[in-house]
Structure formats: structure tokens, C-alpha cells
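Heads up, the thing below is written out as C-alpha cells.
Letters go in sequence order (proteins before strands), and every chain restarts at 1.
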There are 2 protein chains.
Amino acid sequence: MSLTHIQSFVAVAEEGHVGRAARRLHLSQPPLSRHILALEDELGTPLFERTPRGMRLLPAGEAFLQHARRILAEVDAAVLTVRKVGTAPTEH
Amino acid sequence: MSLTHIQSFVAVAEEGHVGRAARRLHLSQPPLSRHILALEDELGTPLFERTPRGMRLLPAGEAFLQHARRILAEVDAAVLTVRKVGTAPTEH
DNA sequence: TCCACTTACGCTCACCGTAATGATG
DNA sequence: CATCATTACGGTGAGCGTAAGTGGA
């Protein structure tokens with residue numbers, strides 16, 4: 001599992017469509033599809049239902065989405081915090 | 001930034017020593033040292049002070065450590081939660 | 001001079017994109 | 001047959017390990 005996989009998952013969950021999510025991530029469909037498959041494989045359970053219209057979250061996917069958003073938010077917070085502390089006057 | 005980098009950072013912060021952290025992670029020193037350097041480069045500020053004894057956290061490193069632990073804990077929680085939901089009787 | 005981190009360097013394999021294939025209404 | 005997702009496949013770059021280099025007490 002990698003942060004890239006998590007970002008890919010969130011994009012697909014929000015778009016409900018691998019193609020649109022791929023454009024949003026500036027990526028082509030196959031690698032993005034592979035990210036989702038790898039995640040499902042690693043977690044041992046499907047996260048999406050495949051429909052003719054695209055991808056629909058399963059309950060396991062809904063649960064993962066909440067955690068995924070928290071992880072990404074925490075990463076952003078870490079970056080902001082460190083940049084602030086690292087530039088602080090008490091650097092010495 | 002990747003989860004691997006974050007795990008590497010936590011190990012070095014806890015051991016205070018790249019060599020020991022590397023053994024703990026089943027990795028050799030150079031890649032681990034590169035993880036830390038990449039992290040510092042990406043964040044734009046050093047996280048450790050290099051001493052003759054090893055690595056000592058700077059204030060920016062202390063701040064990052066708290067976030068890093070939360071990120072890794074959240075990842076673990078995500079995995080556990082999804083595995084539980086994915087195996088639940090209401091899988092239909 | 002020892003000890004620890006870092007840089008050099010060659011190699012492998014993970015990952016991307018294009019193209020082909022499957023699946024479903 | 002149109003629309004998505006997935007699999008095949010070749011090429012490149014990220015990342016590993018061994019070995020050499022650097023720096024401080």
C-alpha cells in the first residue's frame with residue numbers, strides 16, 4: 001500500500017469512473033485500474049462494484065474512504081506543520 | 001513522500017542511528033539514509049542533527065514524528081476496518 | 001583513526017503508456 | 001456496438017546493495 005494507491009482510490013471513489021479519475025490525476029486508465037486492483041488484493045476484499053456506468057463503492061469501500069481521507073489530510077498537515085517549524089526563528 | 005519514507009523516518013527517530021534502524025527494517029544503510037535525505041529535501045528543512053553518535057531529532061523532526069505516527073496508525077486502522085467490513089455477513 | 005553518515009555505481013524490477021482484449025447493456 | 005474496465009507487453013526510471021568517500025572527535 002502506498003500513498004499513491006490511496007490517492008487513486010479516493011479519486012475513483014469520488015468520480016465513480018476510472019477514466020475521469022485518471023484524467024484528474026494526469027494518469028492513464030490502466031495504471032489507475034491497477035492501483036485499485038492492487039489495493040483490493042492487498043486488503044483481501046473488493047472495494048468497488050463494477051457497473052456498466054463505472055465504479056460504485058461497496059460498504060468496504062465506504063469504510064476505507066473515510067480512513068483514506070484522514071490519511072491524506074494528516075499527510076498534508078504534517079507537511080504544513082514541519083515547514084512552519086523548520087522555518088521558525090528557533091532553528092539554531 | 002511515501003509511506004516507506006515515513007516508516008524509515010520513524011525508525012531512525014526511535015533508534016537515533018541509521019545503522020540500527022536499517023537492521024530493524026531489514027534494509028541496508030544507504031537506502032535508508034537516502035529516504036531521510038529525500039524527506040528533508042521534500043520538506044525543505046532538516047529533520048535531524050547529525051552527530052558523531054548518530055542522528056538527533058531537531059524541532060522540525062519532533063513535530064513531524066507526531067504526524068508520522070498518526071499517519072501510520074491511521075493506515076493500520078484502515079486495513080483492520082476494511083478487512084472487518086469486507087468479511088461482514090452483509091457483503092451482498 | 002574509528003565510527004557513522006553519505007555518495008558512486010551498476011543492476012533489477014516496479015510502474016507507466018500504448019495497444020489489445022474482455023464484459024455488459 | 002458503444003462504453004468501461006482489465007490484461008498484454010515493451011521500455012524507462014526509481015530504488016536496492018556493494019563499495020568507496022567524507023567528516024568529526
Nearest-nucleotide check on DNA chain D, B/Q29 vs B/H5; residue mapping nearer the 5' end is B/H5
Taking all heavy atoms of [X] and all of [Y], pick out the closest pair and write down the distance.
X     : Y     : value
B/L25 : B/A11 : CD1-CB, 3.8 Å
A/P46 : A/A60 : O-CB, 3.8 Å
B/S33 : B/V18 : N-CG1, 4.2 Å
A/L32 : A/A22 : CD2-N, 3.3 Å
B/M55 : B/I36 : CE-CG2, 4.3 Å
A/L65 : A/A13 : CD1-CB, 4.1 Å

Should [X] be listed as having a side-chain N or O under 4.0 Å from OP1 or OP2 of [N]?
X     : N      : answer
A/H35 : C/dC16 : yes
A/S33 : D/dA5  : no
A/R50 : C/dT24 : no
A/H17 : D/dT3  : no

Please determine whether the number of non-hydrogen atoms from other residues, nucleotides or ligands lying under 6.0 Å from atom CZ of B/R56 exceeds 12.
no
Dump the pairs, protein N or O against N or O of nucleotides 8-14 of chain C, anything under 3.5 Å, distances to one decimal.
none

Could you tabulate the donor-acceptor pairs under 3.5 Å formed by side-chain atoms of residues 74-81 of chain A, not counting sequence neighbours?
residue : atom : partner : partner atom : Å
A/E74   : OE1  : B/R70   : NE           : 3.4
A/E74   : OE2  : B/H67   : ND1          : 2.6
A/E74   : OE2  : B/R70   : NE           : 3.3
A/T81   : OG1  : A/A77   : O            : 2.8
A/T81   : OG1  : B/H67   : NE2          : 3.1

Minimum-distance nucleotide (side-chain atoms of B/P31 versus C/dC5, D/dG17, D/dA5):
D/dG17
Taking A/E40 for its side chain and A/L47 for its backbone only, find out whether a donor-acceptor pair lies under 3.5 Å.
yes
Write down the distance between [atom1] ([X]) and [atom2] ([N]), rounded to a whole number of angstrom.
X     : N      : atom1 : atom2 : value
B/L25 : D/dC16 : CG    : C1'   : 14 Å
A/L27 : C/dT18 : CG    : C1'   : 13 Å
A/F9  : D/dA5  : CZ    : C1'   : 17 Å
A/R53 : D/dT3  : CZ    : C1'   : 10 Å
B/D41 : D/dA14 : CG    : C1'   : 15 Å
A/R20 : D/dC4  : CZ    : P     : 7 Å
B/R23 : C/dC5  : CZ    : P     : 10 Å
B/E40 : C/dT7  : CD    : P     : 11 Å

Is there any side chain to side chain donor-acceptor pair (under 3.5 Å) pair reaching into residues 8-21 of chain A, and which pairs are they, with sequence neighbours excluded?
A/S8-A/H35, A/E14-A/R24, A/E14-A/R69, A/E15-A/R24
Compute the angle between the rotation axes at the two ends of the helix from C/dT1-D/dA25 to C/dG25-D/dC1, each taken over five pairs, rounded to 10 degrees.
30°
Rounded to the nearest 0.5 angstrom, the OG1-CZ distance for A/T45 and B/R83 is 10.0 Å
Protein N or O to nucleotides 23-25 of chain D N or O, pairs below 3.5 Å:
none

Test of understanding: with ring pair (Phe, Tyr, Trp, His ring centres under 6.0 Å), list the residues that count as partners of B/F64, not counting sequence neighbours.
B/F9
So A/L37, base contact, sugar-phosphate only, or nothing? Heavy-atom distance under 4.0 Å.
sugar-phosphate
